[in-house]
Amino acid sequence: MVFRKVLIANRGEIAVRIIAACRDLGIRTVAVYSEADREAMHVLLADEAICVGPPPATESYLNIPNIISAAEITGAEAIHPGYGFLSENADFAEICESCHIRFIGPPATAIRKMGDKAQARQLALEVGVPVIPGSEGTVEDEEQARKLARKLGYPVLLKAAAGGGGKGMRIVRGERELETAFRTAQAEAARAFGRPDLYMEKYLIEPRHIEVQVLADAYGNAVYLFERECSIQRRHQKVIEEAPSPVLTPKLRQELGEAALRLVRAVGYVNAGTLEFLVDRDGHFYFIEANTRIQVEHPVTEMITGIDIVRQQIRIAAGEALPWTQADLQIRGHAIECRVCAEDPWTFMPSAGTVTRYIAPQTFGVRIDTALYSPYRVPPYYDSLLAKVIAWGEDRAEAIARMARALTLLRVEGIRTNIPLHLQILEDEAFHQGRFSTQYLESVLPHLQTVASSK
Ligand code: ADP
């Protein structure tokens, strides 16, 4: 049987999403919250709620002793970490298990093997999954970096081995830039992740970011739930995601899926996970990194497969076997997600304050994952994601049209949001035709802003 009670070590829309999955399974929920989140939606909706500390995440949502105590006091049998915070912390996964609390995620060993990006790269090579030409493991010093960059040819990319969220990444366009780039990337990596280790890759020109969602159970069964196209990015951060990718052929889709499953098997992966790839203009794909947790953009996959990924995560953690094989899975229609954030649409400056009015029509084919209500004071301590708007259609054009309609009906007043940017992208011709790369958004941004301001 699945668990009776689950603690959710997160906040915002993902905490609400996990509460919903627990309800479906008849599981009671425990919310944890910081002092800044007393009035947060996840606190209001969970069956029980416990305060775990002051507003800064390091003292609350990242406070392992307090979160474990909250689980023990409430008798929660398992912890769902959501994304961000403790979700990819192998030590936390291990501590949970040693306290006889099930961690709803992969085993600590798998998190460790995938968590070091330089090591994950080596592993991919060993199981015959292509990676971008670059260093074997980490780059020790500037001298080694210079030699390798000459061999690879500029531009190259320096990346933090412990990286995430686009931090500690530096494009180096020529040898003159190498020394400074190496030092700043090292310093940034040390500051953000506590480790200065860097590795190097050839910098691909205009690739697409395509990732594969996988599910694996504890009995050696694993399937891929196809791909998500996440090329609409700003500063290496995703803005719009969709599934399926407008450019994959069935053959390439299968090759990517099978490559993802080779990596899953190589590390003894269990639970939901994502393998990220870059795909070049000629259809060659290269593994870049693994995310050992639920992802922000998981709803687009749920919409095209009909599979509740969060519910599956809980079932897998409770020891259930996957109920299907690869042959049972199919793609139906097309789904798009827009991340609505509390920020200026053109300068991207964060916008804190109170949402004075929130209207979200939930109409046919549209799903909104959010923890917003009004009035609601957006706390300045956490990330700026306010809502995820997900639209489904029989085909891509219908999904885009429904998304545009949904965004024009959505009202978030009192703070600035990036809804105007989304609307402009949805109208853009290149976006409509599916002709874009990870460089698309930054290159069309000035044009989109001009069009928006002339309206
Ligand atoms: P993070 O973990 O910090 O998010 P990733 O390795 O997942 O870093 O890369 C994030 C994004 O950075 C990718 O989606 C892509 O846009 C860009 N990127 C990463 N590696 C390369 C590369 N070798 N060439 C070109 N772009 C890259």
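In this text, all values refer to a predicted model and were calculated from it rather than measured experimentally. We count residues from 1, following the sequence as given. Read the numbers this way: they start at 1 and go in the same order the structure lists the ligands and their atoms.
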J.: Mind checking the OG1-CD1 spacing from Thr408 to Ile419? Nearest 0.5 Å is all I need.
T.: 10.0 Å
J.: Do Phe431 and Phe436 have ring centres separated by under 6.0 Å?
T.: yes
J.: Which atoms from ligand 1 have a heavy atom of Glu276 less than 4.0 Å away?
T.: 7 (O)
J.: Are Arg170 and Glu188 ion-paired here, with the side-chain N under 4.0 Å from a carboxylate O?
T.: yes
J.: Is ligand 1 under 4.0 Å from a heavy atom in the side chain of Lys117, in the backbone, in both, or in neither?
T.: side chain
J.: Can you check whether Leu204 has an N/O within less than 3.5 Å of an N/O in ligand 1?
T.: yes
J.: Within a distance under 4.0 Å of any heavy atom of Thr438, pick out the atoms of ligand 1 and give their elements.
T.: 16 (O)
J.: Looking only at distances, can you tell me whether any N or O atom of Gly166, backbone or side chain, sits closer than 3.5 Å to an N or O atom of ligand 1?
T.: yes
J.: Please state whether Lys238 comes within less than 4.0 angstrom of ligand 1, counting heavy atoms only.
T.: no
J.: Have a look at His236, Gln233, Lys159 and point out the one with the heavy atom closest to atom 16 (O) of ligand 1.
T.: Gln233
J.: Which ligand 1 atoms does His209 reach within 4.0 Å, using its non-hydrogen atoms?
T.: 13 (C), 14 (O)
J.: Can you tell which of Glu289, Arg208, Met169 gets a heavy atom nearest to atom 9 (O) of ligand 1?
T.: Met169
J.: Going by the atom numbers of ligand 1, which of them fall below 4.0 Å from some non-hydrogen atom of Lys202?
T.: 22 (C), 23 (N), 24 (N)
J.: Nearest heavy-atom pair of Val270 and Ala218: which atoms, and what distance?
T.: CG1-N, 3.8 Å
J.: Answer yes when Glu398 and Arg402 have at least one side-chain N-carboxylate O distance shorter than 4.0 Å, and no when they do not.
T.: yes
J.: Just which atoms of ligand 1 are under 4.0 Å from any heavy atom in Gly165?
T.: 1 (P), 2 (O), 3 (O), 4 (O)
J.: Which residue owns the protein heavy atom closest to atom 26 (N) of ligand 1, what's the atom, and how far is it?
T.: Tyr203 CE1, 3.6 Å
J.: As an exercise, state the distance from CD of Glu229 to NZ of Lys238, rounded to the nearest 0.5 Å.
T.: 11.0 Å
J.: Would you mind running through ligand 1 and noting each atom that sits below 4.0 Å from a heavy atom of Leu157?
T.: 19 (C), 20 (N), 21 (C), 22 (C), 23 (N), 27 (C)
J.: With a 4.0 Å cut-off on N to O distance, would you call Glu297 and Lys388 a salt bridge?
T.: no
J.: Taking the six-membered ring for Trp and the single ring otherwise, decide whether the centroids of Tyr33 and Tyr61 are under 6.0 Å apart.
T.: no
J.: Give a yes or no on whether a salt bridge exists between Asp116 and Arg195, defined as a side-chain N under 4.0 angstrom from a carboxylate O.
T.: yes
J.: To check your reading of the model: name the closest protein heavy atom to atom 27 (C) of ligand 1, its residue, and the distance in Å.
T.: Leu278 CD1, 3.5 Å
